[in-house]
Amino acid sequence: MGHTDFNKESGSVETMSPIGEVSNPINITLEKSESKEADIQRLLLEERMRLEKEYGVEAKPIEHFKRPLERTFTKSERGNVTILFGGLTWKHEKLIKGVLEGLGYNASEIPTPSKKAFQLGKEYGNNGQCNPTYFTVGNLVEYLQNLEAKGISKQDIIDNYVFFTAGACGPCRFGMYEAEYRLALRNSGFEGFRVLIFQQTGGLEQAEMEAGLEMNLDFFLGIINAMNIGDILNDVAYQIRPFEVNEGETDKVLDECMDMMYERMKRKRYFNFNGLMNKLMKKVPGTDYITRLVEQKMSNYYIETIKEIRQKFDAIKIDRTKVKPICKVTGEFWAQTTEGDGNFNMFPFLHREGAQLLIEPIATWILYMLHQAKNMYHDRKGIKEGEEVPKNYQVLKKFKQYKDYKQTITVLTIAEKVFDNEYNRIRKEFNNLPHELASQLEMQRLGHPFYNSRVEGGEGHLEIAKNIYYVNKDLCHMVLSLKPFGCMPSTQSDGVQSAVTSMFKDMIFIPIETSGEGDINAHSRVQMALGEAKTKAKVEFKKCLDETGYSLVEIKAYVAAHEELSRPFYIIPHTKGVVGVAANYVLHAAERMKKEGIKPVNKIAEAVM
Ligand code: SF4
């Protein structure tokens, strides 16, 4: 087929054949059309430049952001410099502060980010970031601005504070956090403010370490203790709060307990051999590690305070016959952890709406990282990046690779076991009321058919696996997934969740995209799903109560006469297929009543008739 060209000067239409034969002289037509096109382009460009100038949006030469050379944080500065950190819950942060102070640092947590932080993050950072970036980056800027507003000069802030945070190399935007902090600090006038990055997979960057913040075993064990104890106290409070008889009592006790634990962590003195013995021990390689690990395993230093804390929680009177739908919270790490504007204040909202929350411990994330590291080593079988696979005749090389691979796997397995044991040691002090950590192997098995477990970034396959795990094990009535606006991994798993929910028909799953605005819309969507979950919980409770043959009044009367049943650490056995606390509770109380030969009044009435 040919095409037509309009000749403006002659006013005629000229037809061209596909091979360029035209009814009019081709050269003249093309020259004219080319110059016309060039004229149009020139006019367009001129007009564009005029408009850009008029509106003040002229294109400027692009200056790529380069990581500034920062002063290092040195040991000699420790006395004057305060280490800032944040991004978790206030409970975890308070304990981390205690650990850092116990290790001799000045430390301060940055409060939970608010919407103002989000706006500052947008103002001073790049466009197109994910929601947690805006909140956390803006939060640091807000904190520094507040220090300035209190009368501390910019230079003093830059000299006397450093920020410590985690970093990674991606693949999601987590890899951009470091650059984002630095860019926002520069744009907000705090150029030169120091950001210390702890690489998620590679430890603290050596160049930045400079012993100002020593990443030794004491530091790591301290942080892990703070995280684990923070997780467990958080879990205990979330399990007691919905059933408390006197409103607000759990929070009051939690505050007291966090203060106690903070003081304990702050006063911790780390064990060292003295004088000559210390010198001798240091000559034996690995002694430091062994001493620390043995101390961690054998010492009851934290357990003593935990026992006191347990007593305080145990004194809270609860009523487990209140029917509450259990809402499991999953999603992206930060969105599911933060307790503020960053996730629309979803936790207090759900509590006010009558739900019992099943929150996610940070420990799951730590175990996930260890598990993924093991997977990577299994896949590579000791072959390092960029290295060639040894030939069959390179026996020694093959052997060395295999040995390295096995060694690394052993170390990671030990780390998993030690971590799990330490977590369970604290759980045990609370009579195992806090939830046990989900097995990562099981999570992988559940999630992998839907979401390849080798795809990393964010929570990877965990978002999918948790959904299936908690529903299948009768641990919740609904799953709420909090996923930040602009989050790449969460968007991927959102797509997959529809396949999951189509296979598990009874699943109540609601994904909520968190942002700096839109609270009302998000709350109303959650309210609708929660309505369904409430109905599910009520139907389940009624069914269980009917099965017992007792009336609720009879069960309550029995509970009133058996004080231990109203104590938080009295463990109610979990009946298969029954989710709710109240439903499991009436089944258990009824079983005890039957064993004691208490006849249901209804039944007696039936017998008399
Ligand atoms: S997981 Fe999502 S929200 Fe979190 S850092 Fe990565 S892209 Fe951002």
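Whatever order the structure lists ligands and atoms in, that order sets their numbers, starting from 1.
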Q: State, without any angle test, whether Gln444 and Asn375 hold a side-chain donor-acceptor pair at a distance under 3.5 Å.
A: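 Yes, Asn375 and Gln444 have a side-chain donor paired with an acceptor closer than 3.5 Å.
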Q.
Suppose I only count heavy atoms of Phe174 and a 4.0 Å limit; which atoms of ligand 1 are within that range?
A.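 Listed by number with element, the hits are 5 (S), 6 (Fe).
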Q.
Give the atom numbers and elements of ligand 1 that come within less than 4.0 Å of a heavy atom of Pro132.
A.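 Matching atoms, with element in brackets: 3 (S).
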Q. What atoms of ligand 1 come closer than 4.0 angstrom to any heavy atom of Cys487?
A.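 Near Cys487, meaning under 4.0 Å from one of its heavy atoms, ligand 1 has 1 (S), 2 (Fe), 3 (S), 7 (S).
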Q) What orientation do Phe333 and Trp365 show, parallel under 30°, tilted 30 to 60°, or perpendicular over 60°? A)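 Taking Trp365 first and then Phe333, their aromatic rings sit tilted (interplane angle of 30° to 60°).
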Q.
Checking His448 now: which residues fulfil ring pair (Phe, Tyr, Trp, His ring centres under 6.0 Å) with it, not counting sequence neighbours?
A.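 Expected list: none.
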Q.
Under 4.0 Å from a heavy atom of Met488: which atoms of ligand 1 are those, numbered in the order shown and with their elements?
A.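 So the answer, numbered in order with elements, is 7 (S).
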(Q) For Tyr405 and His378, which I'm curious about, is there any donor-acceptor pair between the side chains at under 3.5 Å? (A)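 Indeed, the side chains of Tyr405 and His378 share at least one donor-acceptor pair under 3.5 Å.
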**Q.** Which of the ligand 1 atoms, numbered from 1, are nearer than 4.0 Å to a heavy atom of Cys130
**A.**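 Near Cys130, the atoms of ligand 1 are 3 (S), 5 (S), 7 (S), 8 (Fe).
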(Q) I need the nearest protein heavy-atom contact for atom 3 (S) of ligand 1: residue, atom name and distance, please. (A)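 Heavy-atom neighbour on the protein nearest atom 3 (S) of ligand 1: Glu332 OE2, 3.3 Å.
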**Q.** Under 3.5 Å side-chain donor-acceptor pair for Asn452 and His461
**A.**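 No - no donor-acceptor pair under 3.5 Å links their side chains.
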(Q) Under 4.0 Å, counting heavy atoms only: does Tyr177 come that close to any atom of ligand 1? (A)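 Yes; Tyr177 lies near enough to ligand 1 that a heavy-atom distance drops under 4.0 Å.
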Q. Under 3.5 Å, is there a donor-acceptor pair linking the side chains of Glu77 and Thr74?
A.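 There is such a pair between these side chains.
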Q) Among protein heavy atoms, which lies nearest atom 6 (Fe) of ligand 1, and at what distance? A)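 Sorting protein heavy atoms by distance from atom 6 (Fe) of ligand 1 puts Cys172 SG, 2.3 Å first.
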Q: Would you please classify the geometry between the Tyr181 ring and the Phe163 ring as parallel, tilted or perpendicular, with 30° and 60° separating the classes?
A: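 Judged by the thresholds at 30° and 60°, the geometry between Phe163 and Tyr181 is tilted.
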Q.
Measuring from non-hydrogen atoms of Ser490 to any atom of ligand 1, is the shortest distance under 4.0 Å?
A.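 Heavy atoms of Ser490 never come under 4.0 Å of ligand 1.
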Q. Among protein heavy atoms, which sits nearest to atom 1 (S) of ligand 1, and what does the distance come to when rounded to 0.1 Å?
A.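 Nearest protein contact, heavy atoms only, for atom 1 (S) of ligand 1 is Gly458 CA, 3.4 Å.
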